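Worksheet: one structure, shown below.
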Protein chains: 2
Amino acid sequence: MASDHSASSAPGVPSLPPQQLATYFALMESVSLLQHQVDQHLRKEGAISYVQFQLLARLADAGGPLTMTQLADGVVYSRSGLTYQAGLLEKAGLITRDTYPDDERATLVTLTDDGAALFRRVLPGHIDAVRRLLFASLNDQDVQQLGDIMTRIRDQMRAHPPRSAAPRKRRTGRKASPPAAAGTD
Amino acid sequence: MASDHSASSAPGVPSLPPQQLATYFALMESVSLLQHQVDQHLRKEGAISYVQFQLLARLADAGGPLTMTQLADGVVYSRSGLTYQAGLLEKAGLITRDTYPDDERATLVTLTDDGAALFRRVLPGHIDAVRRLLFASLNDQDVQQLGDIMTRIRDQMRAHPPRSAAPRKRRTGRKASPPAAAGTD
DNA sequence: TATTGTTATACTCTATAACTATA
DNA sequence: TATAGTTATAGAGTATAACAATA
């Protein structure tokens with residue numbers, strides 16, 4: 001991307017300072033590569049996509065059933081998309097779906113033993129890939145700084161839905177708590 | 001994702017230190033959101049996808065024609081995928097494809113005036129979104145640090161093709177030079 | 001023989017809109 | 001009426017393998 005290096009070569013044509021531009025590119029390319037490789041690994045090792053892995057991970061992390069809406073948050077951008085993925089996971093025997101007694105509109109998604117087993121099986125390789133690709137060249141301070149910065153960016157984005165955000169999703173009320181904070185509690 | 005917070009809760013189950021895990025999540029979620037919103041903007045404003053925008057941007061930045069292979073680098077992960085996207089762009093009149101005289105196996109892709117115009121048209125909004133979403137909460141030092149870190153990560157990944165990397169792409173010989181370095185030269 | 005690119009094909013994924021059912 | 005979720009459907013994107021042509 002680019003041709004927008006000159007701080008203001010043309011009138012009215014906004015640009016980014018070179019430093020920001022380079023940062024933007026490095027960020028997008030890195031994550032694109034990481035996503036792609038991690039996805040490849042998961043498909044090969046577990047016959048699941050990255051999205052599906054994220055859903056299993058959410059369930060594993062929650063330590064219990066979640067409603068569809070809770071499950072969707074941040075992973076999928078449309079309701080039907082989640083229904084589709086959940087359908088695949090259910091067909092594969094990795095989750096079950098049942099009506100939530102307390103609110104019969106809701107669907108309670110539960111990780112099956114097979115689902116949990118699959119998650120445990122692919123996790124080491126996943127972790128390993130992330131460690132090799134993402135963290136291999138960083139020291140503790142780098143990780144700290146990167147985490148701090150990306151957390152700020154994420155919060156900025158969550159708080160900054162574009163002019164016309166998605167219809168209506170995300171209702172469960174995320175506390176914007178760092179995912180790593182929770183235990184298997 | 002998770003249930004892998006405990007540094008070593010189970011034997012043989014690798015994990016990541018909480019700090020790394022949180023950083024990983026923040027990074028992936030942020031970029032996912034950014035990609036999604038930027039893609040939305042481009043489709044609305046210019047009826048092109050983010051991938052297509054990246055291809056136009058590469059051509060605009062190059063300041064002249066590129067071969068398919070040069071164009072692909074880093075943006076697309078399969079040859080046929082690029083042919084597909086190039087077909088769309090050509091059909092839309094944004095690029096042309098011709099045989100490269102010096103090597104008749106190659107296809108030379110040229111940005112048309114319409115393509116250049118479209119790129120210029122959507123660029124401001126794109127830049128604006130990146131500025132708002134990505135950089136709004138960062139000061140110069142943050143940008144510097146983030147750029148430094150992500151550049152290292154990108155280089156790490158480029159140098160670290162997974163066990164079984166893609167067949168054979170990427171031949172043009174990237175010098176791993178920061179994208180922002182080049183001008184419209 | 002290796003490389004560049006295209007085609008055919010099959011599949012995955014996403015999103016919109018219409019719909020059902022419960023609150 | 002608003003919310004939770006599903007379904008139908010249609011389109012966009014991706015990847016593999018087979019292919020043609022040039023180096």
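Keep in mind that what you see is a predicted model, and the values were worked out from it rather than measured. Per chain, numbering begins at 1; letters A, B, ... match sequence-line order.
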Which protein N or O atoms sit under 3.5 Å from an N or O of nucleotides 10-15 of chain C?
from    : atom 1 : to       : atom 2 : distance (Å)
dC13(C) : OP1    : Arg43(A) : NH1    : 3.3
dC13(C) : OP1    : Arg43(A) : NH2    : 3.1
dT14(C) : OP2    : Gln85(A) : NE2    : 3.2
dA15(C) : OP1    : His36(B) : NE2    : 3.3
dA15(C) : N7     : Ser80(A) : OG     : 2.9

Self-check item: By salt bridge (Lys or Arg N to Asp or Glu O under 4.0 Å) - contacts of Asp103(B) (at least two apart)
Solution: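 With sequence neighbours excluded, Asp103(B) shows a salt bridge (Lys or Arg N to Asp or Glu O under 4.0 Å) to Arg105(B), given in chain and number order.
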
message: Test of understanding: with salt bridge (Lys or Arg N to Asp or Glu O under 4.0 Å), list the residues that count as partners of Glu90(A), not counting sequence neighbours.
response: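 Expected list: Arg97(A).
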
| query | Quick check: does any side chain N or O of Arg154(B) sit under 3.5 Å from a backbone N or O of Ser30(A), one acting as donor and the other as acceptor? | reply |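 No; judged by distance alone, with no hydrogens or angles, the pair does not exist.
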
In whole angstrom, what separates [X]'s [atom1] from [N]'s [atom2]?
X	N	atom1	atom2	answer
Arg79(A)	dT3(D)	CZ	C1'	7 Å
Lys91(A)	dT6(D)	NZ	P	14 Å
Leu71(A)	dA4(D)	CG	P	14 Å
Leu55(B)	dT14(D)	CG	C1'	14 Å
Leu42(B)	dG13(D)	CG	P	12 Å
Gln70(B)	dT4(C)	CD	C1'	12 Å

Residue list, side chain to side chain donor-acceptor pair (under 3.5 Å) with [X], at least two apart or on another chain:
X	answer
Arg43(B)	Asp39(B)
Gln85(A)	Gln52(A)
Ser32(A)	Tyr77(B)

Residues forming a side chain to side chain contact (heavy atoms under 4.5 Å, CB included) with Asn139(A), sequence neighbours excluded: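 Only Gln141(A), Asp142(A) meet the side chain to side chain contact (heavy atoms under 4.5 Å, CB included) criterion with Asn139(A).
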
- Message: Going by side chain to side chain contact (heavy atoms under 4.5 Å, CB included), name the residues that satisfy it together with Thr99(B), two or more places apart in sequence or in a different chain.
- Response: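 Here the qualifying residues are Glu104(B).
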
Does any residue of residues 97-110 of chain A have a heavy atom under 4.0 Å from DNA chain C, and if so, which ones, in number order?
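Of all residues in residues 97-110 of chain A, the ones placing a heavy atom under 4.0 Å from DNA chain C are Asp103(A), Glu104(A), Arg105(A).
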
